[in-house]
2 protein chains.
Amino acid sequence: MLRYKLYKTVYAGYNQIMSLLKQKILKVSTDLFQSRGINSTGVDTIVAVAGTTKMTLYKYFTSKEELVLAVLQQSHQEFQNWMNDKLNALSGKPDEKIQKLFEFIEEWVSSPYFTGVTFIKASAEFPNEENRIHQLSSQQSREFRQFISKLAHEAAIKDADGLALQLSILFEGAVQAEQIKRGSGAIKSAKKAAKTLIDLALKQS
Amino acid sequence: MLRYKLYKTVYAGYNQIMSLLKQKILKVSTDLFQSRGINSTGVDTIVAVAGTTKMTLYKYFTSKEELVLAVLQQSHQEFQNWMNDKLNALSGKPDEKIQKLFEFIEEWVSSPYFTGVTFIKASAEFPNEENRIHQLSSQQSREFRQFISKLAHEAAIKDADGLALQLSILFEGAVQAEQIKRGSGAIKSAKKAAKTLIDLALKQS
DNA sequence: CTAAAAATATACTAACCTGTATAGTATCGG
DNA sequence: CCGATACTATACAGGTTAGTATATTTTTAG
């Protein structure tokens, strides 16, 4: 059987070699953390759903905290890669990327790649700023904001950081609202608000 | 000693009679849930900080779930009362209330009444839609959105519900961002974005 | 085929959790 | 002073949790 063969992951820029079981554990954990919460998901549940045992899990991850950090990192990486691919496929004017950002976010939320925004949930469950999980969440939130700021700069927007903060707030709020009530139309609403804010910022630049 | 005397709570519209200890338990729970998370705060910790015992806690609240629900309700009620008082003190034009909404939100966040937005945290920790805590969080989020919609209606805004959804996303996103990183300036940024969105909505009405 | 490596099965520890049982103390109204 | 009520103190039951120890089976590589 090929069950334990190693292979490369499909996501661009993520060509680390990772065993199938490790990937399965990560995927199952991502799903369970999203649907039940991190603290409410025990490692026993994870290994049961992943079809393996705790011994194997603790071989790949030295602790549950380490597993949570790995889930956060993979989830963030996948989103960044997906979004970069989408934006790099654009060829138009310098402001096209930021104009299309929320359209891609909407597409991503309805795509099979979407498993929630892990850093939002994680920061809520681990509010202590000295906690490593909180720190990583905070860092990822900041990275995403800087990513938007870069797009704003490329679009020659004067207050790029200011717009980026506004748009990241819209993003986090929309995801939050969707998690409170699915199908609330929050993403569509945020997309519209983003267009208003971007148009004004462009006009002022 | 007056320790066991009953008295009325100070918040307008909340003149239920509640023992001092019950109030203390509620307040301590609110603070601990906010700073450590709900699932990570045990009843033993709550009674220790409140200076009482589990027997007393379970006399006032039949379960931890009931306590969490009570915390959510009180927290939401206090915010609504505080905000209503602020808005009712205004006497100006019909669009003054919605114009000043985010200014009051900013003021409230820095006031001693602020203990975080409980329904945002609770919905993240209890994502299951059949969970009573999640349901109450969802209801409170909806109530706040309807509250904004009412203000938009009074300001004669055509798409009042649409604007209300946008503003509630800004609100939840800003609070979320502040919880991820304190002092991020998210509230100020959301206030500015809200002004842009409100101005456009007024112009279109 | 063989030896190493990978994964499983199972039982266990030690800590923590919610909720209860039991008994004793303090404070109140009358 | 007395009975009722509010509260405390303490121990414990029953469950779940993260993580480990030990032994066995499966798979891989050479």
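Quick note on labels: first sequence line is chain A, next is B, and so on, each numbered from 1.
- Within the nucleic acid shown, B:Thr41 comes within 4.0 Å of sugar-phosphate atoms alone, with no base atom in reach, counting heavy atoms only.
- With respect to the salt-bridge test (charged N to carboxylate O, under 4.0 angstrom), the residues B:Lys86 and B:Glu103 do not qualify.
- For the residue pair A:His134/A:Glu125, the side-chain donor-acceptor check at 3.5 Å is not satisfied.
- Across all strands, A:Lys54 comes closer than 4.0 Å to base atoms (heavy-atom distances).
- Summarising the geometry, the separation between CD1 on A:Ile25 and C1' on D:dG19 is reported as 15 Å, rounded to the nearest angstrom.
- One atom, CG of B:Leu21, and another, C1' of D:dT8, lie 11 Å apart when rounded to the nearest Å.
- Straight-line distance from the CE atom of B:Met55 to the C1' atom of D:dT5: 14 Å, rounded to whole Å.
- Following rounding to the nearest Å, A:Leu57 (CG) and D:dT17 (P) show an atom-to-atom distance of 14 Å.
- Seen from the ring of A:Phe61, A:Lys22 counts as a face-on cation partner, given the 6.0 Å and 45° thresholds.
- One atom, NZ of A:Lys59, and another, P of D:dA18, lie 21 Å apart when rounded to the nearest Å.
- Between B:Ile46 atom CD1 and C:dG19 atom C1' there is a gap of 13 Å when expressed in whole angstrom units.
- Among the protein residues, A:Tyr60 comes within range of the sugar-phosphate backbone only, with heavy atoms under 4.0 Å from sugar or phosphate atoms but none that close to a base.
- Atom CG of B:Asp44 and atom C1' of C:dG19 are 10 Å apart (whole Å).
- Rounded to whole angstrom, the span from the CG atom of B:Asn39 across to the P atom of C:dC16 amounts to 17 Å.
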